Every structure is written in structure tokens, then in C-alpha cells.
Visitor: 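Have a look at the structure that comes next, please.
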Amino acid sequence: MTFKATLLAAGAALALAGSAAADPVKVGMITTLSGGGASLGIDTRDGFMLAVEAAANPDLTVVIEDDQQKPEIAVQLADKLIQSDKVDVLTGIVWSNLAMAVVPAATAQGKTYLSTNAAPSQLAGKGCNPGYFSVSYQNDNLHEAAGAYAATAGIKRAFIMAPNYPAGKDSLSGFKRFYEGEVVSEVYTQLGQTDYASEIAQIRASDADGVFIFLPGGMGISFVKQYAESGVGLPLIGPAFSFDQSILQAMGDAAVGVLNGANWSPDLDTAANATFVEGFRAAYGRLPSVYAAYGYDTANLLLSAMAKAPVSDTEAFRAALKEADFASVRGKFSFAPSNHPIQDLYVREVVKEGDIYTNKIVGTAMTDRGNPYEDACKM
Amino acid sequence: MAGGPAPPAPPETRPLSAMLLIEQALNGLQYGIMLFLMAAGLTLVFGVMGLINLAHGSLYMLGAFACAAVAAATGSFWLGLAASLAAAAAAGALIELSVIRRLYARDHLDQVLATFALILILSEGTRWLFGSFPLYLDIPAALSGPVRLPGGIDYPLYRLALIGFGLAVAAGLFLLIGRTRLGIRIRAGEADREMIAALGVDISRLYTLVFALGAALAGLAGALVGALQSVQVGMGEPVLILAFVVIVIGGIGSINGALVGALLVGMTDTLGRALLPVAFATVLPPAEAGSVGAALASMLIYIVMAGVLVMRPGGLFGRA
Amino acid sequence: MRREPVLNTLILLALLAVPLAAQALDEPFLVTLATKAAILALAGVGLNLALGLGGMVSFGHAAFFGIGGYAMAVLAAPVQAYEPLMTWPMDLPGTKSMPAIWLAAMAAGALAALVIGALSLRTGGVYFIMITLAFAQMLYYFAVSWPAYGGEDGISIYVRNGFPGLDTLNPLQFFGLCLGVLLLALGAMHLIARSRFGLALDGARQNPDRVAALGLRPARLKLIAFVISGAVTALAGALFADLNRFVSPSMLHWQTSGEIMVFVILGGAGRLFGPVAGAAIFVLLEHLLGGVSEYWKLFLGLALLGIVLFARGGLIGALAGRAVAHD
């Protein structure tokens, strides 16, 4: 699937003046644009392209491909982008399992990969690579934020739940890492499960005083609606994925008051964020999600590096990326030695503003948080 | 960093109380009845026309989308429900007239390929119309919140209503097939296709009617369940697979079989998820027990299905 | 009515011409696409034996495809991690050698097909379709939740496995290798169809009673065909895993079963080259339509529907006439 987004050279002359690097850069974006998970990929793409279009840099070309949320397709698209389109930089993958299939091979071929979302632990620790940058987070971070904050929010005895797959297991261990209360029950559900009556009955029968869930996408929508209906009423907390802009409207009132760990929020008070949220609303007629924010930051990071070094000089280009000299919508942002962010983690609460459900920051969970795999990264 | 790592608190496994077991059984019953609405249409269409319809799940999705769209526009869930019936029945009739009727004389292979193509068309067509984001659909205010059952179980009213409503639809369906002229024709069609044509029944109209009826049941199930779940593209496919499991266990073409199969699958799945992790906890450490139990629970209905077919190759109520 | 052999030759020539086209158009990715088509065609060739010749409509061939893929991962992953495959009951190292992996994949696929087939063949018709689906789903959920080989994440094998005398990392040579395997499999299928076994199998599909009257056991004939079919599809799975250098449960997903079935029916079930034509067209459509619109699957669906409604007997059936192969 190829949408060639070749950018207009409007104002090219002044953009180029004095630039250190007039080297054209070709970016290949692999993301999910069809099927049930498409909304995440579409937000990633839209956030990324918003920054790209605002910059109007004629040296930047983006080729966008649809991975259909299938790892095999993602691998084949990476082959295509590298072999046929001869891209310099890859980006855009939403899902960890797809990232694990693509990133190691891409970096082994000397390409630079900028992650707009997925950042599995393997790529942060032993498998870290000078060509791999996670602009979003490390996968454990948002679960850690929820865990660190849960006790503060009054959850002393937690019922924790995630789908039975690697990211689900990482999620629960991430939550437990900084949680100061007691875990009373740890439940694994089926991936893609849509009915949670059985689990909700277990929550009701437990003596927990709060529930942590990691149920991304449709699973989260189903759970939250059914949980609200059950009248169990214990406070809910989770990572931002389960309560993000792209799915909140489908949850409706059921989600109001839910806490979620995040590193970005539409109400985060930075100048760059105000520009981003307004620009995104104007361009696409909806509020941005975290995926859109990561996409936007990724594009701006890339543009900042392009201004400093030519992409053909791989080492200099990667050094320029590592400086992270761009105005992140998250405010403070720098890279740890493993090329994963050091950033503040927040807890947000779902609120209703007019007809729109969105998130507001209610507290800071951790400051200058890196990731737990840093020591294993020898780079 | 906010504090150091907490000492690992070993999750304890709680003994199952009788109340919890009853609640889980209710959940299984409700799940099973919704599966029956899906499976009934599938098994009817196969019984009467001999057609495998992989796109049945897409009609379920269509019902949910129609309900969500109309409920959002009018503010009434009940209008949405009516719309889901109408939209799914209309879509069913349209699909039957334009595509499905060319397939009756074909073998199962062509039917599988054509209805596989229909899944792609209906899924992406829906995404084109409604966008890629999940839609909002909430249960009606009159049915929201929990009620207290005798014995002190707090149970969601909507799920109780689903059980009642589903049973009523099932009863209506049995009456329709057992007591009406249309039902007689349907049963005759299942028994001998040439015979009813010889009796002067307009067979192509009967086929369109049966297909639309099956589609309407699927659309209704989609709308009813959509209020509890996520209304999104692709929501029909996992349900389709389950509905197939149901009708195969029950015996393809048998409405009675579909009911028994649906309840068996609903109960097995719900109780398996609830009980297996607890059972494994007696021999394994808790975290591992949860993981292994969940893995086995997700395979359980397929194991039951394989077991039934090995014992009774034609399903529980099948004629084979 | 000798149009089918001509058509088959044309299909082969088209596949062979791909590398030249890739060179001329400076589109090296075309070679990868052709490799994918050849491997998927091989999976279809496996299914075609069960489906076309044996009349067993298996909706669970993803099970064998995935087993082949995982056989590759199980053997190659220990080498990558510098660990032995097993130390008990005997010391056994893993391997990066394709021929060894292929043998293991085919053996595993055959064994799985033996078990699944023996149980499934107790039923027939639509029940057979569904029970094979059930077995594949069981394996899918097992692979998703089993942590040893990555679970849902799957597992990457960073360097493509080797074949004596070839540089498999070179896309052209790997394509040649896959094409060679495909041709061997096609040759074997041709021989099987002409053999006494093949004729008996064909008979068992059309008239089981008559075959039984001849003293042959239709169920056993079908089971043997199902086992060979599973082995060939597993071989395709191992190659597919090597193409992607990656294995995950999505190879076992029911949609994969559906797609393998689509290749066979699209090309023409029971036709020797049916799966080759079907897979090639599918890969081409996926690639071309993908460039047209975000909603390309809608058009893919319309194209498939058009073919099944108006090109009976699949593409080869439509182009070569219906009388050629058995019907």
C-alpha cells in the first residue's frame, strides 16, 4: 500500500538557507491502516504528517504502507521499503510483536528506526542498537506510572488483569515494580476477548479495593462498559492505551473518572503541545491521541536531526538524533544511553468536556523516568 | 523514581463460593443465548439451502453499526435496535438476491470463497462509511445498573434482560418453525428440496426470506451485544468462528442442536475461564497457574468440539 | 482441448521472468514478491492434494503452515542463542541448514496431519471443514499463550538459514531455491495424480463405495493424502518463515487457512497449476490494489467475488476450459 506523500516545496528557499544538510531523506512508515486496529495507525500517520507538512521541508519524502496488523506483512513491507524505495529511516509501527519482527533486521541493514509507539523490553536491554530510537517510551513505562500512583490514589489491594500474551505479562510486572500495595489477584484473559462477565464476577468476589487493567483497543472498551454496568464500582486504573482519545468516545460515561498512566495528555501545559493540539484539531477535526502525539514528536525529532547532519553520514545523523534538540509536546525530553526517553510520567483522569470525553492530568507519577533495562544495554 | 520496588506480594487464590459459581453460570447462560441468536441463522441457512455463509459475522457487525448510528442520531436505543433488525434483514435480502442465490448449485468451495470475499467487502465498506474508530453504543437507561438477586448476588440488569429477551426470541423462533406455514416450508426444505418446489412453493422467495431471517437474528445479536462491547470493524469474525463451533457441536441444520451447542459453548467457556486457573493453582505457583489456566481455557471449546465430533461425527443432534 | 499445459507453461515463464523484470525496472522488491508467491503457491499445492484430488475441504491448513514455520524457529533459534536444542535424552544441537529444517518441518507437519486427519476423517462434508478449523484454532491459542517461542510476539531468526552451495541471503538465489522446491512439489503432485494411489484417491472422492468394493479403504487413502498434504504445506511454512526470517502465531490464524484456500480455489481446485496461478494473482492484487486506496481490501473482495461468480473452475478453469482436469 503506497501513499506517496511528496511534499510541496512551498517556501523551500528560505527553509534551505544556511542548512547544514541538503541531503534528501526518505522515510518509510509502516503502520496499521486497515482492519480493527486501524485507528491507532491512522492517528500515528496523521500526527506524523501534521509535523511534516508544517515544516514543508522539500528534502523529506514519506512513503506510507499498511501492515494490516500482521507481522509477516510488516517484514515484507520493510523489505520493500529498504530494497525498492531505498528509504533511509523507518518508523510508524504500533504493535510490539510487529516491531520485534521488523526492527532488528532493519537496524542490522544499517537503517535507522524511530519508534512512534511500540518499545518492547528486548530492544531496550540486550537488544538495544545505535540505529533504534524509541521516541514514545519504553513499554513498561505507562504501567509503571499506574503502579507508582495506585497507592497514592488509595488503591491498597489491587486486582490486576491483562491478556495472556507477552505484552500482557510485561504490563503486570511493570505495574508491580513500583506498586506499594498488595496484589490480591493476578488474572490473565484471552487475547481479543470481548466478554468479561467471568472476570468481573471474580473482582466482585475478591477483597480488592481497586483494579488495574491493561486491555488495549476493543478489549478495553468492552471491559469498561461491562464493568460500569456491573456496579462493582471499585476505582479503575490502567495505562493510557486502555483509555486513550481514539477509544474514549466509544466508552462514553463508563470511562469517566478512570485513572491512567501516561507521558502525554492533551492538556499538558507546553507551548509545543498547544500548537500541536490546535493544529491537529484544525487539520483533522478531532482531538489527538497519544499515538498522534508520538507521531508528531517523531517527525519533529527527525526534522531536527536533518537540520544538523546529512543522513548519508550515519554516525553524525544518529548523534544528531540523540541530542533530541526539538520542542517535544511533552516538554522535558532527552534520550538515555539506550536511545529510550527520559521523561516525566503522569496520571490522567478521564473527564467529559461538553460532548467530548478526554483526559486531564491529575498528578505526576514519576519524574525523569528512564527504563529498567538500561543496565542490560551495552552500547 | 517514586519509591523502590515493592516486595512481591504473592496473590492468593480464593476459594470459589457457591454464589460466585451461580453468578458464573448466569454469565455462561447469557453468553450462550447470545451465541444461539448468531448460530440459529447460520444453521437455518445451512439446513434449508445447504450454504456455508462465512459472512454471517459481517451481518452481526452490520446490526451493531446500524444500532449505534441510529441510537446516536435519535438518542433511543430501542429505535437503534429496530434499525439493526431492519438493516441486517435488508442487507441479508440484498446479498441473497445479488450473490448468494448464484451459489446454491455450487460446491462448498465456491461458497467459502465467495462469502470470504463478502467479509472483505462488508468490513471495509463499513469502515469506509463509519470510519476506523470504534462507535459509541450504550445500553438503555431503563436497563442499566445492577439488581440484587435472591441470595445476595448483584447482577447487571441488562445481562438478565438479554437472557430473557434471548429466550423469548428463541421461543418465537421455535414457534415460527414448528407452528407456522413458513416453518412448515422451512422444515420441508430441510428434508427435501425438490419436494417443496414440486408442491408449488416459490422456492427462491423462501430462500430470500430464510436468509433475511438469519441475517436479522445476527444483526439483532450484534446490536444487543454491541451495547456491552466494542462496536468496531472486525467484531463479527471471532463470533463467527464461535457460531460455527456451536452449530457443529449441535449438528448442522438443527435448531435444537444450535440451542444446546450454544449453551454448552457459553458455559464451557465462562466456567473454564473461571475454574481452570483455580484448579491449576492447587498444583502450580499462582502466577503460572493463571497463565497456564488461561491458555487452556482459550483452547477448551475447541477441545470440546473435537471431542464431540470424535464421539458423534454428526454433532449432538445431527443426522449424519 | 490442450490449453491447460500451454497455460501452465505461460504461468511458469511468467514466474521465471520476474527476476528479469525486476532487473529491468530496477524494482528489486519484485523478486521478494515472486518468492512470496512461490512459497504461498507451495502451501496451496499441499492443500490442493487434500482439497482438489481428495475432496477434503480443510479449513485448518494454517496449522501445518504454522507448524512448518515453528519447526524452523525451534531448530534455528538455539543456534542463534549459542545453545543446544536439547540435552536430554541426548545431546542435540540446533541447525541452520535448510535441508535438515525442511525434513523436520515435513515430519512435524506429517505427524500433525496424521493425528488431525485420523480424528477429522471420522466426519465429512461441512463437519470436516469445521473440525479442521477447530484444530488449527487450538494450535493458534496454544502458540499465543506458550511463552517459550515468544508467544504472540513470535520469534525472529536474524540470519536466513543456509543451503549448501547457495547464498540464501541473495534474494535472487533464494527465489530460485523456492521456485525449485515448488517445481519439485508440482512434479511430485503430477506423479501422485497419475499413480495408482492417485487414481484410487480420485475414485474415493467421486465414488467411495466403488473404491471400497475394489478392496481399497477410502478412509485410509484419504488419510495418506491428508498426511502428504500437511507435510507439503509445512514445508511451505518453513520457507515462508525463512523468507520473513520471523515466525509468529499469525501463521496459524484462521485467516491464513482462508487465504491458502483462496489460492487453491482462485486458481482452480484440482488443477495442477491452480495454486500457482491463484497465489500469484493474490499477491499481485494485494500489491497493486494496496497502492490505489486505503480501502483496497474492498476492491480485493470485489475482485475475488467476481472471479468466483463468473469464472467457474477458477482462473485456469475459465481460461483452459472445464473439461481438462477431472471435475
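As the structure is a computational prediction, the values presented were derived from the model and not from experiment.
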Visitor: If I measure from the heavy atoms of chain B, does A:Asp195 come under 4.5 Å with its side chain, its backbone, both, or neither?
Guide: both
Visitor: Using heavy-atom distances under 4.5 Å, tell me whether B:Leu228 contacts chain A through its side chain, its backbone, both, or neither.
Guide: both
Visitor: Does any N or O in the side chain of A:Asn164 come within less than 3.5 Å of the main-chain N or O of B:Ala294, such that one atom is a donor and the other an acceptor?
Guide: no
Visitor: Do the non-hydrogen side-chain atoms of B:Met235 and A:Thr194 ever get within less than 4.5 Å of each other?
Guide: no
Visitor: Give me the atom names and distance for the closest heavy-atom approach of B:Pro146 to A:Ser230.
Guide: CB-O, 3.5 Å
Visitor: Among A:Gly41, A:Gly231, A:Ala197, A:Gly147, who wins on heavy-atom pairs under 4.5 Å with chain B?
Guide: A:Ala197
Visitor: Would you mind checking which part of B:Arg273 comes under 4.5 Å of any heavy atom in chain A, side chain (CB onward), backbone (N, CA, C, O), both or neither?
Guide: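 For B:Arg273, heavy atoms of backbone and side chain both lie under 4.5 Å from chain A.
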Visitor: Would you please test B:Gln229 and A:Ile221 for side chain to side chain contact (heavy atoms under 4.5 Å, CB included) and show each step?
Guide: CA-CA 6 Å; B:Gln229 298 182 355; A:Ile221 299 177; over 6 Å; no
Visitor: To the nearest 0.5 Å, what is the distance between CZ (B:Phe133) and CD1 (A:Ile247)?
Guide: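 One finds 11.0 Å between CZ of B:Phe133 and CD1 of A:Ile247.
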Visitor: Once rounded to the nearest 0.5 Å, what's the spacing between atom OG of B:Ser230 and atom CG of A:Leu215?
Guide: 12.0 Å
Visitor: Select one option (side chain, backbone, both, neither) describing which atoms of B:Leu143 are under 4.5 Å from chain A's heavy atoms.
Guide: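 For B:Leu143, the contact with chain A is made by the backbone alone.
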Visitor: To the nearest 0.5 Å, what is the distance between CD on B:Gln232 and OG on A:Ser39?
Guide: 8.0 Å
Visitor: Any sub-3.5 Å donor-acceptor pair from A:Lys225's side-chain atoms to B:Ile139's backbone N or O?
Guide: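 Judged by distance alone, no pair lies under 3.5 Å.
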Visitor: Look at B:Leu26, B:Leu135, B:Asp154 and state which one has the largest set of heavy-atom pairs under 4.5 Å with chain A.
Guide: B:Asp154
Visitor: Against chain A, label B:Ser298 side chain, backbone, both or neither, depending on which of its atoms sit under 4.5 Å from a heavy atom there.
Guide: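 It is both, since atoms from each part get that close.
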Visitor: Counting heavy-atom pairs under 4.5 Å with chain A, which one of B:Val233, B:Val231, B:Leu137, B:Asp138 comes out on top?
Guide: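 Among the listed options, the one with the most contacts to chain A is B:Leu137.
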Visitor: Are any of the side-chain nitrogens in B:Arg159 or A:Glu229 under 4.0 Å away from the carboxylate oxygens of its partner?
Guide: no
Visitor: So what's closer than 4.5 Å to chain B heavy atoms on A:Glu144: side chain, backbone, both or neither?
Guide: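 Answer is neither: A:Glu144 stays 4.5 Å or more from chain B.
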Visitor: Quick one: CD on B:Gln24 to CD1 on A:Ile200, what's the gap to the nearest 0.5 Å?
Guide: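 Taking CD in B:Gln24 and CD1 in A:Ile200, the distance rounds to 10.0 Å.
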Visitor: Just so I understand: if I count every heavy-atom pair under 4.5 Å between each of B:Ala297, B:Ala227, B:Gly293 and chain A, which residue has the most?
Guide: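 Most heavy-atom pairs under 4.5 Å with chain A: B:Ala227.
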Visitor: Relative to chain A, which segment of B:Gln30 carries a heavy atom at a distance below 4.5 Å: side chain, backbone, both, or neither?
Guide: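 For B:Gln30, the contact with chain A is made by the side chain alone.
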Visitor: With a 4.5 angstrom heavy-atom cut-off, which part of B:Ala68 approaches chain A: side chain, backbone, both or neither?
Guide: neither
Visitor: About how many Å separate CG of B:Asp269 and CD of A:Gln193, when rounded to the nearest 0.5 Å?
Guide: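 Going from CD on A:Gln193 over to CG on B:Asp269, the span is 7.5 Å.
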Visitor: Which one of B:Gly234, B:Gly145, B:Pro238 has the most heavy-atom pairs closer than 4.5 Å to chain A?
Guide: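 Ranked by heavy-atom pairs under 4.5 Å with chain A, first place is B:Gly145.
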Visitor: Examine whether an atom of B:Pro134 lies under 4.5 Å from a heavy atom of chain A, and if so say whether it belongs to the side chain, the backbone or both; otherwise answer neither.
Guide: both
Visitor: Determine the minimum heavy-atom distance between A:Ala201 and B:Asn27, stating which atoms define it.
Guide: CB-ND2, 4.2 Å
Visitor: Heavy-atom distances under 4.5 Å only: say whether A:Met219 touches chain B with side chain, backbone, both or neither.
Guide: neither
Visitor: Apply side chain to side chain contact (heavy atoms under 4.5 Å, CB included) to B:Tyr136 and A:Met251, showing your working.
Guide: CA-CA 6 Å; B:Tyr136 174 71; A:Met251 287 181 176; over 6 Å; no
